[in-house]
Structure formats: structure tokens, C-alpha cells
There are 2 protein chains.
Amino acid sequence: MPAVSEETTDALARDVFAFINRLLTSGHRELFIAMEKAELSITQVKSLHILSEAEEPMSLGAVSDALGLSLPAISRSVDGLVQRGLVKREEDPRDRRSKLVTATGRGRAAYERLSALRLAGIRTMIAELEPGEQQALAAALAPVIRRLGL
Amino acid sequence: MPAVSEETTDALARDVFAFINRLLTSGHRELFIAMEKAELSITQVKSLHILSEAEEPMSLGAVSDALGLSLPAISRSVDGLVQRGLVKREEDPRDRRSKLVTATGRGRAAYERLSALRLAGIRTMIAELEPGEQQALAAALAPVIRRLGL
DNA sequence: TATTGTTATACTCTATAACTATA
DNA sequence: TATAGTTATAGAGTATAACAATA
């Protein structure tokens, strides 16, 4: 019962696909260079991401589940972050088998810097669009973002 | 001299960022499962991609440059594709040091199948949007796609 | 000599298995 | 016994270095 034909949805999907590809290829070079310079792996950046946004300390198992990676992979990844003071790791007093990890101020700042780089890449591409195109895109995306709770 | 304020551009960039993240996380699980089943690495899929779209045979060096990976990595990656009949590799008659590689029919078909999966993930998310949202998004993206030559 | 691609080797990141310590 | 995390080991994929063939 869609009020939009399947062909239209398909065409839109292809457009979104092309748009994403363009954004991904255009904006990620600087990000990867920055990650290399900071000696952070992709997993470490992702870990910093969820820990930066987490309201409360997380166990390693919770991080492992959130990222869909094995516990050993997370253990080693977080270990590197702890050694550089980007993450704090301490025993859970209520279950001493478990370790609670939190992003430190420095860790949050490091993630913010990388996130800003990624955003800058997208902004550069958007700035190349005509003002009218930007406005139409903003108007079209805003309600979608709001409705999806992003 | 933009007719759109910087704050507006920033807000739009953030929306696009959120939208992309949602699309990437939503649609890629099936794709990775399919890749695993086909025993194709990311590099092999990317190689199939550019070879499928290439008008003419490419040298290994050209593939290496296009993907930003080392020649040995491409050599091994393509070797696997050749062994499975997805890519044809032959000496360049005009420079016998060079090998020319082309996607075979089977190789193109394999790439098309994976590409369709990725598109399906995006389409699923788009189908969740209200008809009006879809129409606004389509109207906003179409001119952008056309102007960027995508 | 310089260049194209391959083979050798070392490194990073991951997963499974074995282990330690708590529960 | 079961569970959280760590350490041991093996596998995939990449890069640099050494090599072979051709220019």
C-alpha cells in the first residue's frame, strides 16, 4: 500500500547509494591519516566512540557486544587506550571478575577531533552544492532524521 | 559568498552524517554474510567492482593505484579471483612485463549480486520512510546526483 | 638501468582455545 | 560449575624488501 511506486523507491535507493559512495570516498582520507598519526586502530576509535557517548561505565563484555567483536580483541584494543590515558579501566566493586571502562577527558577529546574531521569531509562536499540544493536537501533530511530519532 | 549560512551547512552535514551512519549499519550485515559465503575479501570485491565497470582491461598497477593498495596485495587478491574464474589475467602483448586483467561474465555477475544486496539494504530503510519524506528526498537528491555526475 | 609483477618476510588485527580469578 | 577477562596461538590481509622477467 505504498503511495510511492516501487520504481521510485528503487531510483531513490540508487541515488542515495551513489551519494553515500561519493561521501565515503571523498571524506575519509584525512580521517585515516589522523588515525594513523594518533596510532589508533579502527576498533579503538569505535571503542572510544561508544565509551564517549555512554552515560555510565561499561564492562568489556558490553563493549564487545556493542561492536560485535570478540572479547580478546576488545581486551587488547582497550588495553592500548588505557596505556595512553584515553580510557580508564577499573574493577567492578560489585563483581570483581568484571572491569568497568570509561572514556577519560583526553579520550573524549581525541574522539571529538576525529569525529570533527569526518564531519569536515562531508561539509566540504556539501559546500560544493548550490545554495538551493543545500536547502532542499536540508529540508528533506531534517524530518527523516527527527522521525528516525537520529 | 554562500547564500546559506555556515550554521545551516553544519547542521546539514550533521544530518547527512547521521543518515549515512544509519544506512551503513542497517544494510551491511547481509552483504558481509554473502561475501563470507562467496569467500571474497573486501579487496576482492572492490577489485571486481572497478574491473566490472572498467571499459578496457586494466594492468595490476592500475588496479593497485585505483584502490590505494600495494601491488603485492592486489597481485594476491586478483590471483584468487583468477583461480575462481571471476577475472581473466593475460600478458599485455605490447609490454610483456605487464598483465592485463578483466572481469569475466561470472565475475560481473558475482559483483552485481553483492551490489544488489547492498542496494536492498538501503531500499529497506527508505521504504520505512513516509511517502512524502521519500518524495522530498528524491526531489532533493536527484539534481545533486545529476550535477555531481553520479 | 628502470619497471611490472611475483615471492619472501614481518606486522597488525582478529578469532578460538587455554588459562586465571572471581562468583 | 559458570562467567569475565587475559594470554597463547593460529589465520587473514597488508606492506616492505628481495627477486625475476622484460623494457
Side-chain angles (χ1 to χ4, degrees), chain A residues 28-29 31-51 54 56-84 86-102, chain B residues 28-29 31-51 54 56-84 86-102:
Chain A
H28 276 192
R29 206 160 299 163
L31 175 61
F32 277 119
I33 291 171
M35 282 173 56
E36 202 162 303
K37 213 153 115 186
E39 293 191 322
L40 289 171
S41 70
I42 294 173
T43 297
Q44 285 175 324
V45 174
K46 284 184 182 170
S47 299
L48 272 181
H49 181 165
I50 63 164
L51 291 175
E56 300 182 357
M58 294 175 76
S59 69
L60 285 188
V63 178
S64 165
D65 287 346
L67 296 185
L69 293 174
S70 69
L71 200 45
I74 297 302
S75 177
R76 291 215 150 89
S77 155
V78 165
D79 200 60
L81 296 174
V82 170
Q83 281 171 26
R84 269 170 286 172
L86 303 177
V87 159
K88 186 180 66 176
R89 176 180 47 192
E90 48 195 1
E91 251 183 24
D92 183 342
R94 291 177 308 179
D95 181 347
R96 294 176 48 221
R97 291 171 304 180
S98 180
K99 308 283 177 69
L100 294 176
V101 284
T102 328
Chain B
H28 275 191
R29 204 160 300 161
L31 176 60
F32 277 121
I33 291 171
M35 282 172 56
E36 202 161 305
K37 215 154 115 186
E39 294 191 320
L40 289 171
S41 70
I42 294 173
T43 297
Q44 284 175 325
V45 174
K46 285 184 182 168
S47 299
L48 272 182
H49 181 165
I50 62 164
L51 291 175
E56 299 183 356
M58 295 176 74
S59 70
L60 284 188
V63 178
S64 166
D65 288 345
L67 296 185
L69 293 173
S70 69
L71 200 46
I74 297 301
S75 178
R76 291 215 150 90
S77 155
V78 165
D79 201 58
L81 296 174
V82 170
Q83 282 170 26
R84 269 170 286 172
L86 302 178
V87 159
K88 185 180 64 178
R89 176 179 50 192
E90 47 195 359
E91 251 182 24
D92 183 343
R94 291 176 310 179
D95 181 347
R96 293 178 47 221
R97 292 171 305 182
S98 179
K99 308 284 177 71
L100 294 175
V101 285
T102 327

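- Between the NZ atom of K46(B) and the P atom of dG13(D) there is a distance of 13 Å, given to the nearest Å.
- OP1 or OP2 of dG5(C) sits under 4.0 Å from a side-chain N or O of S98(B).
- One interatomic measurement links the two molecules: CE of M58(A) to C1' of dG5(D), which rounds to 15 Å at whole-angstrom precision.
- The distance between atom CG of D79(B) and atom C1' of dT14(D), rounded to the nearest whole Å, is 16 Å.
- Here S70(B) lies in heavy-atom contact (under 4.0 Å) with a base.
- Along DNA chain D, the nucleotide nearest to L71(B) and the one nearest to D92(B) differ in position, and the one closer to the 5' end is contacted by L71(B).
- Using a 4.0 Å heavy-atom criterion, one finds that R94(B) contacts no nucleic acid atom at all.
- Here the C1' atom of nucleotide dT14(C) and the CD1 atom of I42(B) are 13 Å apart, to the nearest Å.
- Between L81(A) and S47(A), the closest side-chain pair of non-hydrogen atoms falls below 4.5 Å.
- Counting only residues at least two apart or on different chains, the side chain to side chain donor-acceptor pair (under 3.5 Å) pairs with a member in residues 67-83 of chain A are D79(A)-Q83(A), D79(A)-R89(A).
- Not counting sequence neighbours, E90(A) has no partner by the side-chain hydrogen bond (donor to acceptor under 3.5 Å, both in side chains) test.
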Please lay out, stage by stage, how L86(A) and L40(A) fare under the test side-chain contact (heavy atoms from CB on, under 4.5 Å). CA-CA 11 Å; L86(A) 303 177; L40(A) 289 171; 4.1 Å; yes
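- Distance, E90(A) CD to dA4(D) C1': 16 Å, rounded to whole Å.
- Rounded to whole angstrom, the span from the CZ atom of F32(A) across to the P atom of dT14(D) amounts to 13 Å.
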- Message: Does V45(B) form a side-chain contact (heavy atoms from CB on, under 4.5 Å) with H49(B)? I'd like the steps, not just the answer.
- Response: CA-CA 6 Å; V45(B) 174; H49(B) 181 165; 5.6 Å; no
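- Of the two residues near DNA chain C, E91(A) and R76(A), the one whose nearest nucleotide lies more 5' is R76(A).
- A residue-by-residue look at D95(A) and L69(A) shows that L69(A) has its nearest nucleotide of DNA chain C further toward the 5' end.
- Remark: the R96(B) side chain and the dT22(D) base include no donor-acceptor N/O pair separated by less than 3.5 Å.
- With values rounded to the nearest 0.5 angstrom, Q44(A) atom CD is found 11.5 Å from L51(A) atom CG.
- Note on S59(A): only backbone sugar-phosphate atoms sit closer than 4.0 angstrom, heavy atoms only; bases stay farther off.
- Taking every heavy atom of residues 60-67 of chain B and every atom of DNA chain D, no pair lies under 4.0 Å.
- Here S75(B) reaches the OP1 or OP2 of dT6(C): one of its side-chain N or O atoms lies under 4.0 Å away.
- We find that CZ of R97(A) is positioned 10 Å from P of dT22(C), with the value rounded to whole Å.
- Looking only at side-chain heavy atoms (C-beta outward), V63(A) and L69(A) stay at 4.5 Å or farther from each other.
- With rounding to whole Å, M35(A) atom CE is found 12 Å from dC13(C) atom C1'.
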